[in-house]
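Read through the structure below, which is laid out as structure tokens, and then see the notes.
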Amino acid sequence: MKRSLLALALSVLPALAAAGDLTVDHPMVPLAPPGSMAHAAFFTITNTGDTPRSLIGVTAPGYHMAHIHRSEEINGVATMQAMHQVDIAPGQSVTFEHGGLHIMLMHPAAPLAEGAEVPLELKFANGETLSVTATVMRMMHGSS
Amino acid sequence: MRWLAALMLALGLTTGAQAQVQGVELDAPVVLPSFAFSDENAASFTDADLTGQWTLIMFGFLSCPDVCPFTLGNLEAAVAETGMRVRPDNLPRVVFISVDPARDADYISEYARFFHPDFISVTGARDQIDALVTATDSFYRLMPPDNTGYYEVQHSSAVSVIAPDGTLRAKLQPPFDPGLTAEFLARLQISYRKELSQ
């Protein structure tokens, strides 16, 4: 039930950002526990054009700093790694999701409630920037 | 054509079996050392608190954007599922221990409670953290800081399962599927009771 509600919520959200050949779908920040010094932002970015594009950075005015990160589990140890570039090939989508790529947002200026909006600015290697507004949503945890 | 069906069946069975692995029961119970942790309100969590109930211990840190909140969210769902399989007094208590007291000690209490009012989060002195990390065969590492002073923390993703006699009995492993984790915990409790009655 919860899962279908989330699916419904996701399906009615419009593609919230598009600039030229890049589209960002379902940008969200999981509602974080009090005391969290780091939030994550997740989304799917699609390159509808015919030239490769590279995400090289992100800024988030509501935070002290923002990094492109990748979570990885290596031999039972959870690690994170800063990513300097994420390539999106023509016609391809790259999904930032739990256990993989995420935007790490450090030190929120203020606590964020469910439904709050988090502005992000994605920076690309060709100098272009893309403004995205992520919504704070409660993560659902169910059996797959 | 028949071999294709056989291959698909074999593959299906293989992935099915892998999906069942949400925990590993230890060959022999591990006795834990004495330890003492606390939160910023001086609420404590010590080895004495392990006695008489099941406990799940997770190591993490508050600057953890993805893995720690996801794990605690799944553990909340797993404990809820476990509640459909075991008596209420056998519901495990979830304890989050920060391995990063320098950054987390002032805010630690609220963190786990966000996921469930009965979850607790604590931290403590480095020797206490190290003692319990070692005893549970866990791991963490504070990485060298960058030029802003920011540092990453690596930590074990597994969760330790402690029986009501205070011994480490099993490890839960990602992805902590709630239903499968609950099934694993319920079976572990059955084998624990059998052992006690022998």
Side-chain angles (χ1 to χ4, degrees), chain A residues 1-3 6 28-42 58 60 63-83 96-108 111-114 118 134 136-144, chain B residues 19 39-40 59-78 80-81 96 98 100 103-104 106-115 119 121 137-141 143 146 148 150 152-158 171 173-183:
Chain A
M1 184 62 187
K2 280 179 172 177
R3 288 173 70 87
L6 178 65
M28 64 95 74
V29 170
L31 181 65
S36 291
M37 277 166 267
H39 296 167
F42 299 125
V58 56
Y63 293 85
H64 179 59
M65 59 181 171
H67 292 160
I68 306 169
H69 258 225
R70 190 174 66 191
S71 306
E72 230 179 334
E73 195 189 295
I74 303 167
N75 298 327
V77 176
T79 64
M80 286 198 305
Q81 186 187 352
M83 304 286 289
F96 286 60
E97 60 186 344
H98 162 68
L101 289 166
H102 57 269
I103 304 299
M104 184 173 77
L105 304 164
M106 285 297 293
H107 300 297
L112 293 174
E114 201 169 351
V118 177
V136 176
M137 298 171 78
R138 193 173 280 274
M139 284 281 260
M140 297 302 171
H141 297 269
S143 291
S144 50
Chain B
D39 67 16
E40 75 279 11
F59 294 103
F61 64 113
L62 301 196
S63 310
C64 174
D66 182 20
V67 172
C68 303
F70 188 88
T71 301
L72 281 170
N74 268 14
L75 288 180
E76 190 280 324
E81 292 260 355
F96 177 92
S98 169
D100 190 10
R103 288 190 294 200
D104 297 351
D106 292 347
Y107 321 90
I108 191 71
S109 70
E110 292 290 315
Y111 190 77
R113 208 178 295 155
F114 168 82
F115 296 91
F119 286 16
S121 38
D137 194 25
S138 304
F139 169 85
Y140 77 95
R141 179 160 56 182
M143 303 301 282
D146 67 16
T148 67
Y150 168 78
E152 304 272 3
V153 180
Q154 298 182 341
H155 58 100
S156 305
S157 44
K171 291 294 194 79
Q173 293 170 327
F176 309 105
D177 176 274
L180 296 174
T181 301
E183 199 56 41

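To find a chain, count down the sequence lines: A is the first, B the second, and so on, and within it residues start at 1.
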Exercise. Examine whether an atom of B/Phe115 lies under 4.5 Å from a heavy atom of chain A, and if so say whether it belongs to the side chain, the backbone or both; otherwise answer neither.
Key: side chain
Practice problem: Heavy atoms only: give me the nearest A/Ala78-B/Val67 pair and the separation to one decimal. | Solution: CB-CG1, 4.0 Å
Quiz item: Which heavy atom of A/Gly142 sits nearest a heavy atom of B/Pro178, and at what distance?
Solution: O-CD, 3.5 Å
Quiz item: Taking the side chain as C-beta and beyond, is there a heavy-atom pair between A/His102 and B/Pro65 under 4.5 Å?
Solution: yes
Quiz prompt | Heavy-atom pair of closest approach, residues A/His141 and B/Ala77 | solution = O-CB, 3.3 Å
Exercise. Measure the spacing between OG1 of A/Thr79 and CE of B/Met143 and express it to the nearest 0.5 Å.
Key: 8.5 Å
Quiz item: A/His107 versus chain B, heavy atoms under 4.5 Å apart: side chain, backbone, both or neither?
Solution: neither
Self-check item: Heavy-atom pair with the smallest gap, counting every atom of A/Ser36 and B/Tyr111
Solution: OG-CE1, 3.4 Å
Self-check item: B/Asp66 and A/Met104, any side-chain heavy atoms less than 4.5 Å apart
Solution: no
Quiz item: If you count the non-hydrogen atoms of other residues, nucleotides and ligands that lie under 6.0 Å from CG in B/Asp146, is the total more than 12?
Solution: yes
Exercise. Tell me, for B/Phe70 versus chain A, whether the close heavy atoms (under 4.5 Å) come from the side chain, the backbone, both or neither.
Key: both
Practice problem: Considering non-hydrogen atoms only, spot the tightest contact between A/Leu31 and B/Phe114 and give its length. | Solution: O-CZ, 3.6 Å
Quiz item: Would you say the side chain of A/Met106 lies within less than 4.5 Å of the side chain of B/Ser63, judging by non-hydrogen atoms?
Solution: yes
Practice problem: Step through the shown structure and confirm whether more than 12 heavy atoms of other residues, nucleotides or ligands are within 6.0 Å of CZ on A/Phe42. | Solution: yes
Exercise. Any chance you could measure B/Gln173, atom CD, to A/Glu73, atom CD, to the nearest 0.5 Å?
Key: 8.5 Å
Quiz item: Taking all non-hydrogen atoms of both residues, which atom of B/Glu152 and which atom of A/Met80 are closest, and how far apart?
Solution: OE1-CE, 3.0 Å
Self-check item: Heavy-atom pair count under 4.5 Å with chain B, highest-scoring of A/Gly99, A/Gly35, A/Gly76
Solution: A/Gly76
